[in-house]
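Chain letters run A, B, ... following the sequence lines, proteins first, then strands; residues in each count from 1.
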Amino acid sequence: MEQKKTIHWADQTAEKIIETWGEKDLYTCASGITPSGTVHVGNFREMISVELVVRALRDLGKNVRFIYSWDDYDVFRKVPLNMPNPEMLEKYLRFPITMVPDPWGRDESYARHHEVDVETILPEVGIYPEFLYQASKYRSGTYAQGIRRALEMREHLKTILDKYRDEDHKIQGEWWPVAVFCSSCNRDTTQIDGWDGEWGLTYHCETCGHSETGDIRTLKGVKLVWRVDWPMRWAYEKVDFEPAGKDHHSQGGSFDTSKHVVEDVYGRKPPVTFRYDFIGIKGSPGKMSSSKGKVVDLYDLLRVYQPEVVRYLFAGTRPNTEFVISFDLDVIKIYEDYDRTERIYWGVEKAKNEDIEALERRIYELSQVDRVPEEMPYQIPFRHLCNLLQIHLGDIDQVIAALPGLKPSQEARVRRRAQCAWYWITECAPEDFRFSLRRPGERAGLSETEASALRALRDEVVANLEAYGGESEVAEAIYAVAQRCGIEPKQLFRASYQALIGKDQGPRLAGFLRAIGKEKVLAILEQY
RNA sequence: GGGCCGCUAGCUCAGCUGGCAGAGCAGCAGACUCUUAAUCUGCGGGUCGAAGGUUCGAAACCUUCGCGGCUCACCA
């Protein structure tokens with residue numbers, strides 16, 4: 001195992017972390033975002049990227065702290081399009097998001113609402129970070145020392161930030177590394193008037209006119225500006241690894257300036273990092289979600305993809321490449337890919353070569369919510385599952401009960417997949433893919449030739465359905481019937497589909513008949 | 001203006017410590033009386049964006065250029 005070269009990016013990153021920081025008792029991996037709106041799949045990429053690296057480190061026997069910062073002391077800058085009650089929210093612009101009311105009225109604040117959504121769902125994909133809440137950290141004076149340090153280094157900070165700005169964009173006039181939410185009106189529309197060289201900070205508010213001199217250690221509204229805040233927290237939490245989106249990762253971007261700030265001002269090396277790219281969406285995550293401003297979040301993903309497959313999407317893709325998450329026909333292919341990876345892991349299928357096999361195995365491990373199960377999970381192709389569910393009108397229990405050889409220990413995953421399949425077929429799949437079985441008694445409008453061929457099919461083939469060895473034998477029998485009745489096979493197929501599901505086409509008939517089951521088919525075809 | 005990423009088969013991409021250019025899909029041929037991207041078998045297909053350089057050897061490393069995208073300089 002040790003001899004093998006590391007091929008997965010998460011393991012490579014873990015090695016780089018150890019190489020950079022040396023052997024430590026505890027490695028800290030950080031992630032965080034501002035819950036200023038729905039936390040979408042793009043944000044999720046950061047969380048899962050960190051989580052995968054955390055796992056890789058732990059797999060190397062390391063002790064790891066995985067922190068997740070909610071930057072809920074940021075300003076509420078604009079009302080996102082997909083929010084309810086925008087008029088109410090409008091009134092709270094310039095407030096810290098943690099002091100904006102929850103427009104759904106469920107949680108104690110706007111920020112908290114988004115946080116709760118994420119914290120509730122993350123365990124489903126096996127992500128368990130330690131959450132840190134920046135609003136409460138700041139308001140409790142936790143960072144007072146760091147703030148004071150920034151004030152002391154004010155001129156140097158200004159130099160660092162100016163380094164990447166061209167002449168037209170140099171910081172003009174007085175600059176402070178801190179911003180203040182007014183104690184009176186809660187807005188950040190304040191100006192700093194002075195600092196006494198120790199803990200005293202004076203400001204006034206341009207909105208309400210409030211003016212005050214407070215102690216940094218107790219003045220709840222003080223916070224560092226972003227480009228100082230981030231590096232201060234790296235030092236405070238001793239962060240060894242934190243990735244960032246491409247918006248942060250460019251020369252002069254916030255990661256770049258933060259790197260200098262953490263070294264010069266807070267005396268610590270910058271964390272190991274990498275850049276993750278954006279995620280695109282293909283297809284629609286549901287009929288109801290086409291409204292304007294809809295952003296795709298983890299809930300949407302989990303309605304269509306079982307948790308292992310969600311992880312697989314991210315574990316199987318290098319973070320610095322852009323990729324799309326599909327809700328259209330590609331979903332079937334993604335599931336097939338996952339199943340193939342699973343078969344390779346369990347040695348049921350051969351990979352092209354050893355390198356690919358090793359990579360696939362690792363991707364599979366990292367895709368598991370918890371650990372790899374003790375036995376190979378029951379595999380049922382997503383497409384087939386969609387058909388079975390439609391035959392049984394979405395009754396998952398019935399479908400599961402009829403699966404041959406399914407062990408109780410394997411049931412949970414199949415059930416989860418079935419839930420996804422049913423959601424997908426009813427909400428996302430193209431119309432061509434959907435069907436529902438006719439009820440006994442319903443009759444399709446068929447010509448007499450078609451009806452008589454159908455009768456022959458019913459009496460000769462369907463009546464003996466279990467006698468056939470395999471699907472292809474059933475198929476052959478169907479063709480034999482067509483020939484004997486002097487009807488084009490195509491026409492017989494059409495008639496069969498019309499009789500069964502009221503459409504001209506459907507799933508491959510031989511397998512379809514078996515999937516529906518002899519009794520049911522006979523019941524539907526009885527009246528012809 | 002600075003920086004980052006990409007440019008490989010018709011399409012989507014893999015190939016990233018340099019060692020014979022790969023996969024999926026599409027295409028073509030054949031098979032199955034074949035429907036829900038039907039299935040199986042076989043085949044063809046690339047100046048690796050361009051030019052230089054390093055090297056026994058470059059798609060890969062270096063330099064320059066072209067094209068496309070993103071990003072920063074206001075705020076997080």
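Closest to the side chain of Phe278(A), out of rA76(B), rC70(B), rC34(B), is rC70(B). Checking rC4(B), rU39(B), rC75(B) against the side-chain heavy atoms of Arg508(A) singles out rU39(B) as nearest. For Lys503(A), the side-chain atoms get nearest to rU36(B) when compared with the rest of rC5(B), rA76(B), rU36(B). Of the candidate nucleotides rU36(B), rC34(B), rA73(B), rC34(B) has the atom lying nearest to any side-chain atom of Tyr479(A). You'll find that the side chain of Arg77(A) is closest to rA76(B), out of rU33(B), rA76(B), rU36(B). Closest to the Leu329(A) side chain, of the nucleotides rA37(B), rU33(B), rC75(B), is rA37(B). Nearest nucleotide to the side chain of Lys333(A), out of rG24(B), rU36(B), rA76(B): rG24(B).
Here rA73(B) presents its P atom at 12 Å from CH2 of Trp226(A), a figure rounded to the nearest Å. The distance between atom NZ of Lys282(A) and atom P of rU12(B), rounded to the nearest whole Å, is 12 Å. Put simply, CG on Asp277(A) is 14 Å from C1' on rG68(B), counting in whole angstrom units. Protein atom CG of Asp256(A) is 9 Å distant from nucleotide atom C1' of rG3(B), rounded to whole Å. Whole-Å rounding puts the Lys259(A) NZ to rC4(B) C1' distance at 12 Å. If you measure from atom CD of Glu476(A) to atom C1' of rC40(B), you get 15 Å, rounded to the nearest angstrom. The distance between atom CD of Glu488(A) and atom P of rC34(B), rounded to the nearest whole Å, is 9 Å. Atom CD1 of Ile332(A) and atom C1' of rA38(B) are 13 Å apart (whole Å).
For Glu488(A), the CD atom is loosely surrounded, since the number of other residues' heavy atoms within 6.0 Å does not exceed 12.
Taking the ring centroids of Tyr73(A) and Phe181(A), they lie under the 6.0 Å cut-off. Here the two rings, on Phe327(A) and Trp424(A), have centers that are 6.0 Å apart or farther.
The pairing partner recorded for rU36(B) is none, the criterion being a Watson-Crick or G-U wobble arrangement whose two distances lie under 3.5 angstrom. The partner of rC70(B) is rG3(B), judged by Watson-Crick or G-U wobble contacts that both fall below 3.5 Å. The base-pairing partner of rG45(B), taking Watson-Crick or G-U wobble contacts with both distances under 3.5 Å, does not exist among the strands shown. Pair assignment for rC13(B) gives rG22(B), based on Watson-Crick or G-U wobble hydrogen-bonding distances that are each under 3.5 Å. The base-pairing partner of rU63(B), taking Watson-Crick or G-U wobble contacts with both distances under 3.5 Å, is rA51(B).
Between the P atoms of rC16(B) and rC62(B), the separation comes to 15 Å (whole Å). The same atom, P, is picked in rG57(B) and in rG18(B); the two are 15 Å apart, to the nearest Å. Rounded to whole Å, the separation between the C1' atoms of rA14(B) and rC48(B) comes to 13 Å. rA38(B) and rA50(B): their C1' atoms are spaced 44 Å apart (whole Å). A gap of 14 Å separates the C1' atoms of rU8(B) and rA58(B), to the nearest Å. A distance of about 25 Å separates the C1' atoms of rG22(B) and rG30(B), rounded to the whole Å.
Heavy atoms of Gln483(A) sit under 4.0 angstrom from at least one base atom. Looking at heavy-atom distances under 4.0 Å, Arg383(A) makes contact with a base. Heavy atoms of Lys490(A) sit under 4.0 angstrom from primed sugar atoms or phosphate atoms, though from no base atom.
With Trp175(A) as the aromatic partner, Arg154(A) does not meet the cation-pi criteria of under 6.0 angstrom to the ring centre and within 45 degrees of the ring axis. For the pair Arg455(A) and Tyr528(A), the cation-pi criterion (under 6.0 Å, within 45° of the ring axis) is not fulfilled.
In terms of position on RNA chain B, the residue among Arg275(A) and Arg434(A) whose nearest nucleotide sits closer to the 5' end is Arg275(A). For the pair Arg227(A) and Phe433(A), nearest-nucleotide mapping onto RNA chain B gives the more 5' position to Phe433(A).
Residue Arg318(A) places no side-chain N or O under 4.0 Å from the OP1 or OP2 atom of rC5(B).
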Determine, stepwise, if the pair Val225(A) / Trp176(A) fulfils side chain to side chain contact (heavy atoms under 4.5 Å, CB included).
-> CA-CA 8 Å; Val225(A) 299; Trp176(A) 296 91; over 6 Å; no
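With respect to Phe255(A), the ring pair (Phe, Tyr, Trp, His ring centres under 6.0 Å) criterion is satisfied by exactly one of Trp234(A), Trp226(A), Phe274(A), Tyr276(A): Trp234(A).
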